[in-house]
Amino acid sequence: MRAGFRDSEHLVRLALLFGVGVLLFLGARAVLVPADFGELGHFRTGALDDNRRRPVVHAGRAACAECHDTAAALAGGAHAKVGCEACHGALAAHAADPDAAAPPELEAKGLCVRCHGFNPARPASHPQVDPEAHAEGASCTDCHEAHSPAA
Amino acid sequence: MHNLLPGVEGFMYPNEMELQWSVLIVLYPFITGLVAGAFILASLERVFNLEAIRPTYRLALLTALAFLIVAPLPLQLHLGHPERSIEMFLTPHKTSAMAMFGFVYLWYLLAVLVIEIWLEYRPYIVARAQSAAGWSRWFYRAATLGSYNLSPRALRIDDRIGRLITVVGIPSAFLLHGYVGFIFGSIKANPWWSTPLMPIVFLFSAIVSGIAAVLLIYFVYCLARGIPLDMPCLDAMGKFLFYAFLVDFGLEMLDLVHRNYEADESLKTLSFMVETRLFGSQIVLQIIVGTLAPLLLLGLTQLLSLTEAARKGLYATAGALTLIGIFAMRWNVVIGGQLFSKSFLGYTTYKMEFATREGLLPALVLIVLPFLILWALVRIFPPMLEYDPGRKPEANPALPAEPEA
């Protein structure tokens, strides 16, 4: 029995080393995995609060309408359903205090092509143009009213 | 706008125009395949007592280790946040194939390969722990784990445990590389990949590439060290390579016949792709240069009785062509699967970058890296030591002093 142990002692040492490795891994896991992981699903419950705490950057169309009557201009036009901030960018800071944060200047050419440049992956019913041929270098807003283009 | 994109033809969904899986993801199955193949070659020797290929046994194990260490690196480079990959081990999701692979990888590395190498080299490690000087003495001392017991009985136990580990190692190696095939084969949205044959084809091509790689490494090692090549060993390796390749080729043809006979709605698109964008890499490199040519060369060695020099030349050439062919196969699977639109109406082009995170340069570094590691491993654990007297403990009591490399 004792001789048996002596001749396999190195294997016992190996097994111990292996065990230590596994324990280290489990220890690291216990330390590194957040305590609230897995409570609600395969994620950290606290992540929900973290996300909620992130500042809201969009104000929404209703907010804009309080000070700008542009909504009225959009009504009935082709862009009636396009959100103000889809074109103007996130403007919650501006809506909260217009003097502190002015909306960025818009560059119509790039803006319009983002949604209207021809792309076969878009549904055919969506109005699309080949910007080069269609605008011939002119700005889209030279001919189109940005807020109510079809008019 | 989309029509102006170079390399795009017909209809592509926007997220298909640019390939997400780059040359690094080609390297990953290639390297893992070499690991699995080299290990399976070593296992053949161990489990079936194939004396002929014993000279390559240790070299094959070290090759497997060197490539295994590098195997996850292409994936790490592909990640935007490589530091987060550790979370795969900390909070694995059981539906994530990638997470499960992480454990298969660790298991294979730590519970199979490293232990098998340790058991195999224990007599050498103990001898060096007693004879070496300086830093290496400390290294070998640590590697003994404090046990210097080389009694015949201890070595017999080692042999038995080593055999057990090999037996466990074979399915582990199959799992390791079968998984890589599975990752592609299970993507049902992609008809180029989605076939249950994929893991099997990957596995056999892995065995083929592993044998070819060990053959070539054995060549280079012996030439560099001025050791005469062991002809029976080369002949046996050549034979294994030939038959493994035949099976692999058969499976790939089976896949082809199956696809053509099934002729689902993707067939026209896929065959068009093979005839155009993949013509060079699939028809020419993979099938003609990388499969038929080496099969022909190896077939010659099996059919004719050639001189030693001729056989050596044929084996080396066939081995190199095989590696090119298997690399092309990985390329065609990974890149080919992303060249066509899932609408089957268009094709895009893969434009390889150079000195970027996923460009050609890191790919080249990753291909050279395993050889550097192997070079270091071979210095630490010389593979040609007293393989002759056999593993039988009685036969290797006193270890020859290895000349300082």
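So that the names make sense, note that chain A is the first sequence line, chain B the second, and so on, each numbered from 1.
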Output the residues of residues 13-33 of chain A for which the shortest heavy-atom distance to chain B is under 4.5 Å, in residue-number order; output 'none' if no such residue exists.
-> A:R13, A:L14, A:L17, A:F18, A:F25, A:R29, A:L32, A:V33

When B:G346, B:P14, B:A111, B:S147 are compared by non-hydrogen pairs under 4.5 Å with chain A, the top option = B:S147

If you measure from OG1 on B:T348 to CE on B:M12, what distance do you get to the nearest 0.5 Å?
-> 5.0 Å

Can you tell which part of B:L110 gets under 4.5 Å to a heavy atom of chain A, answering side chain, backbone, both or neither?
-> both

When heavy-atom pairs shorter than 4.5 Å are enumerated against chain A, which of B:I86, B:I161, B:L90 gives the highest number?
-> B:L90

Answer yes or no: does atom OH of B:Y148 have more than 12 heavy-atom neighbours from other residues, nucleotides or ligands under 6.0 Å?
-> yes

Test: B:K342 cationic atom under 6.0 Å from B:F344 six-membered ring centre, within 45° of axis = no

Quick one: are A:P104 and A:L91 in side-chain contact, heavy atoms under 4.5 Å?
-> yes

So, the part of B:F89 with a heavy atom under 4.5 Å from chain A: the answer is both

Before accepting this row, confirm whether a basic side-chain N of the pair A:D49/A:R52 lies closer than 4.0 Å to the acidic partner's carboxylate O.
-> yes

Does the side chain of B:Y108 reach to within under 4.5 Å of the side chain of B:V35, using non-hydrogen atoms?
-> yes

When rounded to the nearest 0.5 angstrom, what distance separates OH in B:Y57 from CD in B:E116?
-> 3.5 Å

Do you know which of B:L61, B:V167, B:D159, B:I165 makes side-chain contact (heavy atoms from CB on, under 4.5 Å) with B:R46?
-> B:D159

